[in-house]
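Each remark here refers to the structure printed beneath this line.
Worth knowing before you read on, the calculation uses all heavy atoms, side chains too, and leaves out hydrogens, waters and symmetry mates.
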Amino acid sequence: MRIKITDDLDLKKIAESGQCFRWESVSDNRYRIVHRDHMVEIEERLDREFYFSCDEEEFEKVWREYLDLDENYASIRNRIKKSEDPFLYEACEYGRGIRILRQDPWETLISFIISQNRNIPAIKKSIRILCGQTGSSYSFPTPEQILSMSDEALSECRLGYRDQYILAAARAVLNGDIVPDDLIDADEETTMRELTSIHGVGKKVASCMSLFGLHHIDAFPIDVWIRRVLESKYPDGYPMESYRPYNGIYQQYMFYYAQSGAAEL
């Protein structure tokens, strides 16, 4: 199906924003995307027209929500005035088109555990092998499937010390100690407490899970790039209260701007 989307949507920027690890570039402006038990190819064409390789029913049921198309990102971006915060204004302009996806919480949790101290190609490779080891490169393994993996199969995923962390997360979910979907409506204090109770999940991974897996769009993960931004551009403190409830969206603009090398830090 074809649909015109006038709000901010840039597939390439989303794919490179560090929030998702299973988008595959098929060709220029075309990506293959897996979400839960659905797969689609999306291509940006002329005049803001997008092609989806699915019917209208699946688009409305799955992909509209996944891409967060009911949220107006242009209006969020336009809240930042150049005269008041020139750096964030430039970051918003540079990252125009990024959206915070509504990803599967379980997959996001495991993906960001795997992401610790690794570059994006290595993360993607490990996730791809992990999916293949449990029978499919299409669907993401369940907690049961991860716990049933042999030591050899787990080793082939090249997770290093992180293999024990994903096993701990799988046990926590299987035992009911953590119910990822239930955290979608939880407050941030509860979310962080629950997630950091998992062996191997620290504040940064929990914050990424909160923003990218639970769609808590005020969550504000701090990695090496955001720390540099805060030290360089906000030495007197970042105005978190002023930018609520969209700090997570602004964090993505700043992260994308900083890690691209375009920002002067």
Considering only heavy atoms from C-beta outward, does the side chain of Pro141 approach that of Leu130 to under 4.5 Å? yes

Which residues share a ring pair (Phe, Tyr, Trp, His ring centres under 6.0 Å) with Tyr253, sequence neighbours left out: none

Do you see a donor-acceptor pair shorter than 3.5 Å between the side chains of Tyr161 and Asn117? yes

Flag the pair Trp63 / Ile33 as yes when at least one side-chain heavy-atom distance between them is below 4.5 Å, and no otherwise. yes

Should Ile166 and Leu154 count as side-chain neighbours, where that means a heavy-atom distance under 4.5 Å? yes

How are the rings of Tyr66 and His35 set relative to one another: parallel (under 30°), tilted (30 to 60°) or perpendicular (over 60°)? tilted

Student check: side-chain heavy atoms of Asp223 and Gln259 closer than 4.5 Å: no

Sorted by chain and number, sequence neighbours left out, ring pair (Phe, Tyr, Trp, His ring centres under 6.0 Å) with His38 holds for none

Ignoring hydrogens and geometry beyond distance, is a side-chain donor-acceptor pair present between Thr142 and Glu144 at under 3.5 Å? yes

How far does CE of Met240 sit from CG of Asp218, to the nearest 0.5 angstrom? 7.5 Å

Side-chain donor/acceptor pairs under 3.5 Å, residues 46-57, sequence neighbours excluded:
from: Arg48; atom 1: NE; to: Ile5; atom 2: O; distance (Å): 3.4
from: Arg48; atom 1: NH1; to: Glu44; atom 2: OE2; distance (Å): 2.9
from: Arg48; atom 1: NH2; to: Asp7; atom 2: O; distance (Å): 3.2
from: Arg48; atom 1: NH2; to: Leu9; atom 2: O; distance (Å): 3.1
from: Ser53; atom 1: OG; to: Glu41; atom 2: N; distance (Å): 2.8
from: Ser53; atom 1: OG; to: Glu41; atom 2: O; distance (Å): 3.4
from: Asp55; atom 1: OD1; to: Glu57; atom 2: N; distance (Å): 3.3
from: Asp55; atom 1: OD1; to: Glu58; atom 2: N; distance (Å): 2.8

Just checking, is any N or O donor in the side chain of Arg118 or Ser126 under 3.5 Å from an acceptor N or O on the other one? yes

Name all pairs fulfilling the side chain to side chain donor-acceptor pair (under 3.5 Å) condition that reach into residues 86-97, sequence neighbours left out, sorted by first residue then second. Arg77-Glu93, Glu93-Arg96, Tyr94-Ser260

Asn119 atom CG: more than 12 heavy-atom contacts under 6.0 Å: yes

Which residues share a ring pair (Phe, Tyr, Trp, His ring centres under 6.0 Å) with Phe220, sequence neighbours left out: Tyr238

Side chains of Tyr165 and Val201: closer than 4.5 Å at any heavy-atom pair? no

Using side-chain heavy atoms (C-beta onward) and a distance below 4.5 Å, is Asp85 in contact with Tyr234? yes

Which pair of heavy atoms, one from Arg102 and one from Asp68, lies closest together, and at what distance? NE-OD1, 3.1 Å

Check whether Ile120 and Ile14 end up in the same hydrophobic cluster, where Ile, Leu, Val, Met, Phe, Trp and Tyr are linked by side-chain heavy atoms less than 4.5 Å apart. no

Applying side chain to side chain donor-acceptor pair (under 3.5 Å), which residue pairs with at least one partner in residues 202-214 are found, sequence neighbours left out? Glu188-Ser210, Ser210-His216

